[in-house]
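Only heavy atoms go into these numbers, but all of them, side chains included; no hydrogens, no water, no symmetry mates. Letters A, B, ... mirror the listed sequences (proteins, then strands); counts begin at 1.
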There are 2 protein chains.
Amino acid sequence: MLGFSYSFLARPEIGVDVPLSIELDRSSPVPLYYQLAQAIEAAIRDGELAPGDRFENELALASRLTLSRPTTRRAIQELVDKGLLVRKRGVGTQVVQNPVHRRVELTSLFDDLVRAGQEPTTELLEYHAGIVDEQIAAELNLAKDHEVVTIQRLRCANGEPLAVMTNYLPVELAPEADQLEANGLYQSLRARGVHIRLARQRIGAKPATRTEARLLDEKAGAPLLTMSRTAFDDSGKAVEFGDHCYRASRYYFETTLVDR
Amino acid sequence: MLGFSYSFLARPEIGVDVPLSIELDRSSPVPLYYQLAQAIEAAIRDGELAPGDRFENELALASRLTLSRPTTRRAIQELVDKGLLVRKRGVGTQVVQNPVHRRVELTSLFDDLVRAGQEPTTELLEYHAGIVDEQIAAELNLAKDHEVVTIQRLRCANGEPLAVMTNYLPVELAPEADQLEANGLYQSLRARGVHIRLARQRIGAKPATRTEARLLDEKAGAPLLTMSRTAFDDSGKAVEFGDHCYRASRYYFETTLVDR
DNA sequence: CAGTGGTCTAGACCACTTA
DNA sequence: AAGTGGTCTAGACCACTGA
């Protein structure tokens with residue numbers, strides 16, 4: 001099924017606002033607000049809209065693209081939430097100064113590395129089912145005698161160790177060891193029809209234990225960045241609890257906060 | 001100016017959905033979607049809506065409260081973004097399992113401690129203006145010879161050191177030392193008409209230097225949680241860059257991630 | 001099939017800023 | 001006073017889910 005697209009070209013206007021050339025495909029299943037947000041984001045990242053530039057106001061943009069105001073507004077709001085635009089009532093919308101980094105997202109370290117072009121590998125250190133710590137059962141909202149699979153993996157990139165990851169899953173959801181090694185945890189869960197929609201993370205630091213130090217090629221007591229995460233599926237049920245330790249010298253988290 | 005309010009009481013219905021009793025004040029300046037979101041959030045936190053409960057669908061809720069669907073929808077969306085509700089198309093809306101912690105927000109450590117009922121104190125260790133590192137000037141989007149105020153403070157709670165905070169501000173925005181000590185950085189900026197709207201944070205870990213160790217009552221090389229942040233005002237201009245070190249034993253960050 | 005959320009339109013009125 | 005974003009309404013059609 002091929003969509004056809006409307007094209008709106010930049011008009012050679014004289015004015016403060018930069019008119020973007022934006023293409024929308026109205027027959028695409030991709031929502032219009034999303035297409036628009038992507039197009040604006042691309043314009044910012046490509047430098048077509050420079051930091052500090054005033055942005056075309058939403059009514060003008062809407063009428064220029066033959067969109068309704070709410071749809072246009074939603075696209076702009078996406079970028080405000082991402083930290084790319086800033087709005088002030090009665091004034092207008094501007095592009096934020098400074099280059100942007102990516103924000104913390106619901107992805108695995110694996111995805112991050114793939115995106116960065118590195119070649120990540122994973123070694124399965126441990127895989128067993130059994131009764132676990134009461135505190136971990138509580139994180140998963142399980143009875144304390146519910147069987148839980150414990151997985152421990154070592155993530156490396158370019159032959160260098162990056163992180164030790166320990167994950168706990170209710171036995172009925174846990175993927176097989178071989179599938180896990182082939183596809184990673186989140187993809188294995190997706191293949192089982194488990195869609196993770198929400199995660200709560202706690203980020204801290206701690207000294208490496210002797211075991212962690214050995215695995216990560218650090219000295220005992222060296223600083224590690226820790227992240228523990230509880231993930232929930234699309235019915236709000238806790239499906240995974242993870243406890244990850246990253247080498248502080250190789251990893252950090254980025255977040256963008258917006259005051260609303 | 002006193003508003004009068006409509007009251008919608010729970011009807012003794014037999015059904016899976018729990019009808020909330022929600023009051024909206026239509027003459028209040030507080031937006032209706034926000035009032036509604038607050039009311040639902042309160043119902044969840046008070047246990048009126050239990051984890052896993054099915055939530056009333058948005059059309060029913062809208063007509064019950066005499067609200068339009070978009071307004072109702074926006075309220076629900078706020079809570080989905082906060083990680084309290086989960087929606088699935090064709091199915092419905094449910095309350096997420098597990099108690100919720102707060103998410104990372106645009107607040108200072110000071111605010112956090114006040115909220116937790118602790119009595120925080122701040123000691124100003126350093127305050128001077130001058131030329132700074134080129135990298136820091138770049139974070140603030142300033143020419144490298146622009147004068148910058150460097151502030152270093154030690155934050156304590158209950159007499160115990162918690163964090164060393166180093167902040168850099170363009171000289172024309174920096175508050176006086178005495179105002180800083182009295183009101184904290186962000187409040188001082190607000191008093192000057194600087195409204196921080198956006199922040200980009202990087203969270204990592206590192207070993208304590210000898211100086212940091214002495215200030216924080218830790219050993220040299222002890223793990224510290226680090227956060228560096230660039231803050232932007234409502235015109236998208238960088239107004240502050242901070243480099244903070246927290247004792248790993250006393251502090252962590254929490255985030256909620258939503259997949260959309 | 002009925003019920004759910006996801007998207008979209010075409011208006012309206014208001015609050016705030018700047019000049 | 002003019003221009004901006006913030007809120008709100010009253011519809012519409014669609015896609016997906018489950019019985």
Side-chain angles (χ1 to χ4, degrees), chain A residues 1 3 6 15-17 24-38 53-81 85-94 193 195 197 233-236 258-260, chain B residues 1 3 6 15-17 24-38 53-81 85-94 193 195 197 233-236 258-260:
Chain A
M1 188 189 343
Y6 296 82
V16 284
D17 300 337
L24 297 177
D25 179 351
R26 302 190 91 103
S27 71
S28 158
V30 178
L32 291 170
Y33 76 85
Y34 190 81
Q35 291 185 42
L36 178 51
Q38 292 281 86
D53 269 4
R54 215 183 112 99
F55 190 75
E56 191 176 4
N57 82 65
E58 65 190 37
L59 278 87
L61 186 59
S63 81
R64 193 160 70 84
L65 301 180
T66 333
L67 284 174
S68 71
R69 189 180 163 200
T71 300
T72 309
R73 194 175 164 69
R74 177 157 180 192
I76 296 172
Q77 193 58 48
E78 295 264 313
L79 300 181
V80 171
D81 292 342
L85 297 175
V86 175
R87 323 192 76 179
K88 203 163 24 166
R89 194 203 293 232
V91 179
T93 304
Q94 281 178 292
H195 298 272
R197 276 293 273 284
D233 71 3
D234 46 17
S235 70
V258 181
D259 189 20
R260 295 193 293 175
Chain B
M1 183 183 2
Y6 296 83
V16 283
D17 299 340
L24 297 177
D25 180 353
R26 301 191 90 103
S27 71
S28 157
V30 179
L32 291 171
Y33 76 85
Y34 190 80
Q35 291 185 43
L36 178 52
Q38 292 280 89
D53 269 5
R54 215 183 112 98
F55 189 74
E56 191 177 2
N57 82 65
E58 66 190 38
L59 277 85
L61 186 60
S63 80
R64 193 160 70 82
L65 300 179
T66 334
L67 284 174
S68 72
R69 188 180 165 204
T71 301
T72 308
R73 195 177 164 68
R74 178 159 179 190
I76 295 172
Q77 193 57 49
E78 294 264 314
L79 301 181
V80 171
D81 291 342
L85 297 176
V86 176
R87 323 193 78 180
K88 198 160 31 164
R89 195 204 292 233
V91 179
T93 304
Q94 282 178 292
H195 299 271
R197 276 291 274 284
D233 70 3
D234 47 16
S235 70
V258 182
D259 189 20
R260 296 191 297 172

Practice item. With the side chain counted from C-beta on, respond yes when B:Leu32 and B:Leu67 share a heavy-atom pair under 4.5 Å apart, and no when they do not. Key: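 Side-chain contact under 4.5 Å: yes.
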Listed by chain and number, what are the side chain to side chain donor-acceptor pair (under 3.5 Å) partners of [X], not counting sequence neighbours?
| X | result |
| --- | --- |
| B:Gln77 | B:Asp81 |
| B:Ser68 | B:Thr71 |
| A:Arg73 | A:Glu58 |

Gap separating the [atom1] atom of [X] from the [atom2] atom of [Y], nearest 0.5 angstrom:
| X | Y | atom1 | atom2 | answer |
| --- | --- | --- | --- | --- |
| A:Leu79 | A:Gln38 | CG | CD | 8.5 Å |
| B:Gln94 | B:Lys88 | CD | NZ | 7.0 Å |
| B:Arg69 | B:Leu61 | CZ | CG | 12.0 Å |
| A:Arg197 | B:Asp259 | CZ | CG | 7.0 Å |

Check your understanding: Can you check whether B:Asp25's main-chain N or O pairs, donor with acceptor, with B:Gln35's side chain at less than 3.5 Å?
Key ->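 Yes, because the side chain of B:Gln35 sits within donor-acceptor range (under 3.5 Å) of the backbone of B:Asp25.
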Check your understanding: Would a distance-only check, ignoring hydrogens and angles, find a side-chain to backbone donor-acceptor pair under 3.5 Å from B:Arg74 to B:Ala37?
Key -> no
Which whole-number value in Å describes the distance from [X] [atom1] to [N] [atom2]?
| X | N | atom1 | atom2 | answer |
| --- | --- | --- | --- | --- |
| B:Leu36 | D:dC8 | CG | P | 10 Å |
| A:Leu65 | C:dA10 | CG | P | 14 Å |
| B:Leu61 | C:dG5 | CG | C1' | 14 Å |
| A:Arg69 | C:dG11 | CZ | P | 14 Å |
| A:Leu32 | D:dC13 | CG | C1' | 13 Å |
| B:Leu24 | D:dT9 | CG | P | 10 Å |
| B:Asn57 | D:dG18 | CG | P | 16 Å |
| A:Leu67 | C:dG11 | CG | P | 15 Å |

Practice item. Check DNA chain C for consecutive Watson-Crick or G-U pairs with both distances under 3.5 Å and list the runs of at least three as stems. Key: C:1-18 with D:1-18
Hey, is the side chain of [X] poking within less than 4.0 Å of OP1 or OP2 on [N], counting only N and O atoms?
| X | N | result |
| --- | --- | --- |
| B:Tyr33 | D:dT7 | yes |
| A:Arg26 | C:dT9 | yes |
| B:Ser68 | D:dG11 | no |

Practice item. Scan B:Leu59 against the nucleic acid and name what it touches under 4.0 Å (heavy atoms): base, sugar-phosphate only, or nothing. Key: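 Touches nothing.
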Exercise for review: Return the nearest nucleotide to the side chain of B:Pro31; candidates are D:dG5, D:dC8, C:dC8.
Suggested key: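 Among D:dG5, D:dC8, C:dC8, the one nearest the side chain of B:Pro31 is D:dC8.
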Point to revise | Closest nucleotide among C:dG5, C:dA10, D:dT9 to the B:Arg87 side chain | key: C:dG5
Review point. Near DNA chain C, under 4.0 Å by heavy atom, which residues of residues 70-79 of chain A?
Key: A:Pro70, A:Thr71, A:Arg74
Point to revise | Closest approach of B:Leu24 to B:Leu36 (non-hydrogen atoms, all atoms of both residues) | key: CD2-N, 4.1 Å
Report, one pair per line, the protein and nucleotides 15-19 of chain C atoms (nitrogen or oxygen only) whose separation is under 3.5 Å.
residue, atom, partner, partner atom, Å
C:dA15, O4', A:Arg89, NH1, 3.0

Point to revise | Counterpart residues, salt bridge (charged side-chain N to carboxylate O under 4.0 Å, His left out), relative to B:Asp233 (two or more places apart) | key: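 Scan of B:Asp233 (salt bridge (charged side-chain N to carboxylate O under 4.0 Å, His left out), adjacent residues dropped) gives none.
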